[in-house]
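Below: one structure, written as structure tokens.
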Amino acid sequence: MSISPDYPDTVHYLGLNRPRHIEASAHDIYVEGDIPEEIDGAFFRAVHDPAYVPMRSDDVVLSRDGMVSKIEFKRGRVNCGIRYVHTDRFLAERKAGRSLFGRYRNPYTNDPLADGVDGTVANTTPYYHAGRLFMSKEDGLPYRIDPGTLETIGKWNYGGKLRSETLTAHPKIDPDTGELFLFGYEANGLASPTVSYCVVSAEGELVSEQWFDAPYCALMHDFAITGDHAIFTVYPTKADLARLKEGGPHWIHDQNDHCWIGVMPRYGKVEELVWFRGPVGVHSYHVMNAFTEGTKVHLDQCMAVTNLIPFITQDSGLDIPVDGGLTRWTMDLADPEAGIAEWKIGPFGEMPLIVPADAGKAYDRGWYLTVDPTKITMFQNGPGELLFNCLLRVSLADGSLESYSEGPGLGFNEPVHVPARDPGHGGWLLLMVDRILGEGQVAQEVWILEADAIAKGPVAKVSMPFATCEQVHGTWVPRARLDQHCED
Ligand SMILES: [Fe+2]
């Protein structure tokens with residue numbers, strides 16, 4: 001029996017990754033428990049869902065079209081909606097009625113109809129700054145989205161001022177100044193080592209853009225800002241133009257090369273960058289936080305012994321058991337030759353988050369996801385096949401942990417933090433949970449937990465009226481900021 005449409009029979013299209021093609025909205029969703037009234041705003045999520053059968057059977061989830069999902073809370077009531085981001089690529093493929101892009105981030109494998117069409121799919125992170133909502137992916141510029149209708153307004157380049165061809169999906173917002181800090185790798189072309197570094201004012205104006213060359217062209221997924229510094233992370237997952245021209249993979253992880261951490265004054269010149277050489281082969285996708293203490297800069301990341309994405313390690317000929325942990329690296333600007341000091345804070349995990357008001361400052365707690373091996377769920381899921389089923393709260397004073405896990409049959413996605421009105425209350429976490437019903441059959445719930453008492457479990461659950469594909473990253477926008485939505 002054939003199944004139509006004819007999607008690849010791989011982890012990238014099965015299970016949670018079964019394409020759903022749902023653009024919909026719903027109101028007054030069923031809620032179990034009481035939603036605290038102070039949870040008032042919108043939980044935006046990036047979801048990847050391919051509009052068309054891919055050109056190649058080795059297509060990967062990271063290449064799938066971006067969708068923007070909104071779950072809006074108001075006085076205990078919940079509405080939701082989801083729509084495709086109308087990227088240049090999405091519109092070109094819709095016009096052609098089929099997929100036009102070949103191997104992941106390799107334009108030399110595209111259909112001729114894709115010539116000159118921007119290939120980003122804006123499927124990684126929603127973020128909100130200066131009254132504007134964006135959907136982003138690191139291989140292109142962000143797309144501006146109407147936060148009310150979820151319609152795509154268009155690609156965003158700061159009124160034509162921006163020179164960089166790319167911007168990160170992990171921008172940083174200073175919680176006190178409201179400034180937005182961005183970087184873009186491959187800033188001036190495919191497989192280029194050139195990196196842009198940009199500062200945007202609280203009002204949304206591009207204030208500065210500087211370029212520098214990284215030690216090599218690397219998959220620079222995240223970065224960090226402290227009150228005083230910008231920190232760039234270069235791990236040895238590398239691009240090579242000659243390999244791309246031969247139709248090869250964009251990324252190969254070089255297990256034998258060193259990583260580098262670049263530190264500069266955040267309002268300084270790129271000529272002031274100080275590079276610290278780090279260990280061989282390791283890789284990190286996500287930063288939890290960073291802060292400056294005297295001449296020392298502390299960087300907390302979810303560290304792994306190699307790149308965590310299986311299709312990249314397979315392309316690299318690597319088969320290394322997953323291991324790593326939440327790790328603090330400390331760089332002393334007074335003694336760069338001393339290298340990097342390391343504190344392994346917590347067990348292996350990913351998708352770290354903090355209270356947004358703590359960004360760039362010394363902080364006392366954060367959260368991330370890991371796997372509870374006693375409740376394990378094997379499921380064909382995104383780049384990996386193991387669902388996170390455990391939420392950790394880590395104390396940065398001593399690395400002590402609180403955890404909450406459920407399963408088997410459940411997968412946790414990256415939470416967002418919602419502050420409480422009472423300054424003595426630690427706020428709330430909103431967490432999308434995938435409940436596996438069968439092959440390709442999934443129900444989804446948003447769980448609400450007390451951020452400083454996660455072991456108590458959820459205080460409320462929102463039963464989503466339809467399931468989406470897997471979430472990548474999300475963001476919380478409180479009502480007051482939604483109401484300041486910029487109309488220009
Ligand atoms: Fe990410």
Side-chain angles (χ1 to χ4, degrees), residues 7 11-35 39 43-49 61 64 67-73 77-82 349-351 353 367-392 403-416 418 428-451 454-474 476:
Y7 284 103
V11 294
H12 301 276
Y13 284 86
L14 295 171
L16 264 182
N17 292 326
R18 176 182 286 189
R20 300 186 181 275
H21 302 163
I22 295 173
E23 293 186 279
S25 62
H27 64 88
D28 295 300
I29 300 168
Y30 181 80
V31 177
E32 179 186 329
D34 295 318
I35 297 174
I39 298 179
F43 178 14
F44 291 102
R45 304 182 309 129
V47 169
H48 48 71
D49 193 338
V61 286
R64 298 168 20 139
M67 296 186 101
V68 55
S69 153
K70 178 173 73 168
I71 303 163
E72 186 163 8
F73 295 75
R77 294 167 62 180
V78 188
N79 301 334
C80 73
I82 185 165
E350 252 297 347
M351 298 306 204
L353 79 147
W367 299 264
Y368 64 112
L369 302 177
T370 190
V371 177
D372 178 346
T374 68
K375 300 173 180 174
I376 210 157
T377 299
M378 292 299 292
F379 196 69
Q380 286 160 329
N381 169 46
E385 296 184 26
L386 201 60
L387 297 185
F388 290 122
N389 60 3
C390 182
L391 174 65
L392 295 174
S403 70
Y404 181 74
S405 63
E406 276 210 27
L410 297 178
F412 291 0
N413 295 282
E414 180 186 70
V416 289
V418 181
W428 308 94
L429 299 183
L430 271 53
L431 168 76
M432 179 61 81
V433 176
D434 301 314
R435 185 179 292 278
I436 312 305
L437 306 176
E439 168 52 39
Q441 303 299 316
V442 180
Q444 290 177 323
E445 300 158 8
V446 179
W447 290 4
I448 300 170
L449 296 95
E450 264 194 71
I454 61 171
K456 291 198 297 193
V459 300
K461 296 180 179 178
V462 181
S463 295
M464 301 305 293
F466 51 84
T468 68
C469 286
E470 193 188 16
Q471 174 189 321
V472 188
H473 295 292
W476 173 256

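- Side chains of V78 and I35 form a contact here, defined as non-hydrogen atoms less than 4.5 Å apart.
- Between L387 and F412, every side-chain heavy-atom pair lies at or beyond the 4.5 Å cut-off.
- Salt-bridge annotation for R77 and D28: present, with a side-chain N of the basic residue lying under 4.0 Å from a carboxylate O of the acidic one.
- Interatomic distance, L16 CG to N413 CG, rounded to the nearest 0.5 Å: 8.0 Å.
- Looking at heavy atoms from C-beta onward, R45 lies in side-chain contact with M432 at the 4.5 angstrom threshold.
- Inter-residue side-chain proximity for V459 and D34 is flagged as unmet; no heavy-atom pair is nearer than 4.5 Å.
- Pairing each heavy atom of G33 with each of A460, the nearest pair is C-CB, 4.1 Å.
- Inter-residue side-chain proximity for L353 and L429 is flagged as met; some heavy-atom pair is nearer than 4.5 Å.
- Contact check for C80 versus F466: side-chain heavy atoms found under the 4.5 Å cut-off.
- Under the side-chain contact (heavy atoms from CB on, under 4.5 Å) rule, W367 has a single partner from I454, L431, L392, which is I454.
- Between F44 and W476, a ring centre-to-centre spacing not shorter than 6.0 Å is recorded.
- In this structure, the side chains of F73 and I448 come closer than 4.5 Å at one or more pairs of heavy atoms.
- The closest donor-acceptor contact from the side chain of E350 to the backbone of L369 lies at 3.5 Å or more, if one exists at all.
- S69 places none of its side-chain heavy atoms less than 4.5 Å from the side chain of F43.
- For E450, the side chain to side chain contact (heavy atoms under 4.5 Å, CB included) partners at least two apart in sequence or on another chain are H425, W428, A453, K456.
- Salt bridge annotation for E406-K375: absent, with no cationic side-chain nitrogen under 4.0 angstrom from a carboxylate oxygen.
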Passes side-chain contact (heavy atoms from CB on, under 4.5 Å), N17 versus H48? Steps please. CA-CA 8 Å; N17 292 326; H48 48 71; 3.5 Å; yes
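- The number of heavy atoms from other shown groups lying within 6.0 Å of NE2 (H21) is above 12.
- Between Y7 and Y13, the ring planes are parallel. Angles under 30° get that label, and only those over 60° would be called perpendicular.
- Without hydrogens or angle criteria, N389 side chain to L410 main chain gives no donor-acceptor distance under 3.5 Å.
- Judged by distance alone, the side chain of E32 and the main-chain N or O of V462 form no donor-acceptor pair under 3.5 Å.
- Judged purely by atom type and a 3.5 angstrom limit, R435 has no side-chain atom pairing as donor or acceptor with the backbone of G411.
- Checked by atom type and distance alone, the side chain of E445 never pairs as donor or acceptor with a backbone atom of M464 at under 3.5 Å.
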